[in-house]
Student: 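For reference, the structure I am asking about is given below.
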Protein chains: 2
Amino acid sequence: MSPTHTQVTTPPADLDPCGREDHPDCGIRDVLDRIGDKWSVLVIVELASGPRRFRELQRAIDGISQRMLTLTVRRLERDGLILRTVYPTVPAQVDYRLTDTGADLTHLVKALADWSLAHRTVIAKARHQYDRIHPDHDIR
Amino acid sequence: MSPTHTQVTTPPADLDPCGREDHPDCGIRDVLDRIGDKWSVLVIVELASGPRRFRELQRAIDGISQRMLTLTVRRLERDGLILRTVYPTVPAQVDYRLTDTGADLTHLVKALADWSLAHRTVIAKARHQYDRIHPDHDIR
DNA sequence: CGGCATCCGAAACGATACTG
DNA sequence: CAGTATCGTTTCGGATGCCG
């Protein structure tokens with residue numbers, strides 16, 4: 001039996017969720033919210049190395065709860081960034097992989113991760129500096 | 001009188017907040033959390049066009065409350081990504097601009113914004129598709 | 001103008017228990 | 001294994017009022 005999945009066949013490209021091409025902040029928000037999510041980025045990075053099963057993801061992404069992993073992959077699937085494939089075995093087996101769109105996004109996400117890695121020392125330093133100058137702040 | 005600001009002179013680069021160079025997810029988290037914040041990205045994008053005053057930022061970033069703008073710029077300042085300059089005038093005048101580190105990050109953030117703009121139609125389509133197939137979901 | 005302090009409802013998240 | 005459902009807690013974020 002062939003696996004069940006939810007891939008979109010080939011959407012004809014139209015439909016403007018905003019209607020205003022001249023307004024940059026318009027649809028950006030939604031997409032950025034997804035990227036903005038801490039877990040989404042980590043899932044994407046993990047899947048960049050290849051397909052993963054649910055538990056593999058959970059083990060790889062240290063600290064994520066099962067609930068959050070479920071929500072995260074659902075949202076990414078809904079956005080068409082990852083593909084969820086269910087194999088009708090017992091027990092159930094599901095794997096997740098990036099779609100073409102998701103793989104494309106990976107480059108940017110990786111660039112961000114690399115930048116973070118490259119600058120974390122400088123940023124940590126800046127934070128300590130700030131905390132010394134402003135001994136009592138509520139930030140974070 | 002010269003303006004008061006909180007710029008860090010030139011921190012000698014050392015200090016590893018994690019201690020494990022081989023663990024990619026380590027310091028990444030903190031930095032990504034900042035980028036992950038919806039408002040941070042919008043502030044950075046806005047400041048990429050040049051220095052802005054508090055009210056200018058608030059007006060430019062449609063929808064942000066004064067509270068969140070304050071918190072956002074404080075955090076970005078703490079991370080050394082933006083520079084806050086207070087001019088001792090009456091009434092007070094404050095401007096914000098990107099530091100070198102922040103300006104560097106701008107390229108990546110803009111790339112993300114561009115990607116979002118370029119793919120928002122496809123993503124919106126994917127979402128509608130998903131919502132048709134899964135009529136009742138709690139996602140988002 | 002550029003904030004800060006406080007209150008309060010909403011949303012996010014984690015832990016736990018249960019299911020096909 | 002791969003979830004769903006529920007609950008309690010924490011955090012977020014907007015509204016409001018006051019201040020230098």
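Letters A, B, ... are given to chains in the order of the sequence lines, protein chains preceding strands, and every chain is numbered from 1.
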Student: Is the CG atom of B:Asp114 crowded by more than 12 outside heavy atoms at less than 6.0 Å?
Tutor: yes

Student: Name the residue from A:Lys125, A:Arg127, A:Arg120 that meets the salt bridge (charged side-chain N to carboxylate O under 4.0 Å, His left out) definition with B:Asp79.
Tutor: A:Arg127

Student: Output the rounded distance in Å from CD (B:Gln93) to C1' (C:dG3).
Tutor: 14 Å

Student: If I take atom CG in residue B:Asp138 and atom P in nucleotide C:dC13, what distance separates them, rounded to the nearest angstrom?
Tutor: 15 Å

Student: Of the non-hydrogen atoms in A:Ala48 and A:Lys110, which two are nearest, and what is the gap between them?
Tutor: CB-CE, 3.9 Å

Student: OP1 or OP2 of C:dG2 sitting under 4.0 Å from any side-chain N/O of B:Arg67?
Tutor: no

Student: Describe the nucleic acid contact of B:Arg74 in one word from base, sugar-phosphate, nothing, applying a heavy-atom distance below 4.0 Å.
Tutor: sugar-phosphate

Student: What nucleic acid atoms does A:Arg55 come within less than 4.0 Å of, heavy atoms only: base, sugar-phosphate, or nothing?
Tutor: sugar-phosphate

Student: Round to the nearest Å and state the distance from B:Glu56 atom CD to C:dG2 atom P.
Tutor: 8 Å

Student: Salt-bridge test for B:Asp95 and B:Arg52: reply yes if a basic N is under 4.0 Å from a carboxylate O, no otherwise.
Tutor: no

Student: Between B:Arg140 and A:Asp33, is the closest basic N to carboxylate O distance under 4.0 Å?
Tutor: yes

Student: Could you state the CD1-P distance from A:Ile64 to C:dA12, rounded to the nearest angstrom?
Tutor: 15 Å

Student: If you take all heavy atoms of B:Phe54 and B:Gln66, which pair is closest and at what distance?
Tutor: CZ-O, 3.9 Å

Student: For DNA chain D, which nucleotides open and close the run of contacts to chain B, 5' to 3', at under 4.0 angstrom from a non-hydrogen atom?
Tutor: D:dG13 to D:dA15

Student: When the nearest nucleotide of DNA chain D is assigned to A:Pro91 and to A:Gln66 on a heavy-atom basis, which residue is associated with the more 5' position?
Tutor: A:Pro91

Student: Pick the closest DNA chain C nucleotide for B:Arg59 and for A:Arg75 by heavy atoms, then say which residue is nearer the 5' end.
Tutor: B:Arg59

Student: Measure from CG on A:Leu69 to P on C:dA12 and round the result to the nearest Å.
Tutor: 17 Å

Student: Report the distance from atom CE of A:Met68 to atom P of C:dT16, rounded to the nearest whole Å.
Tutor: 17 Å

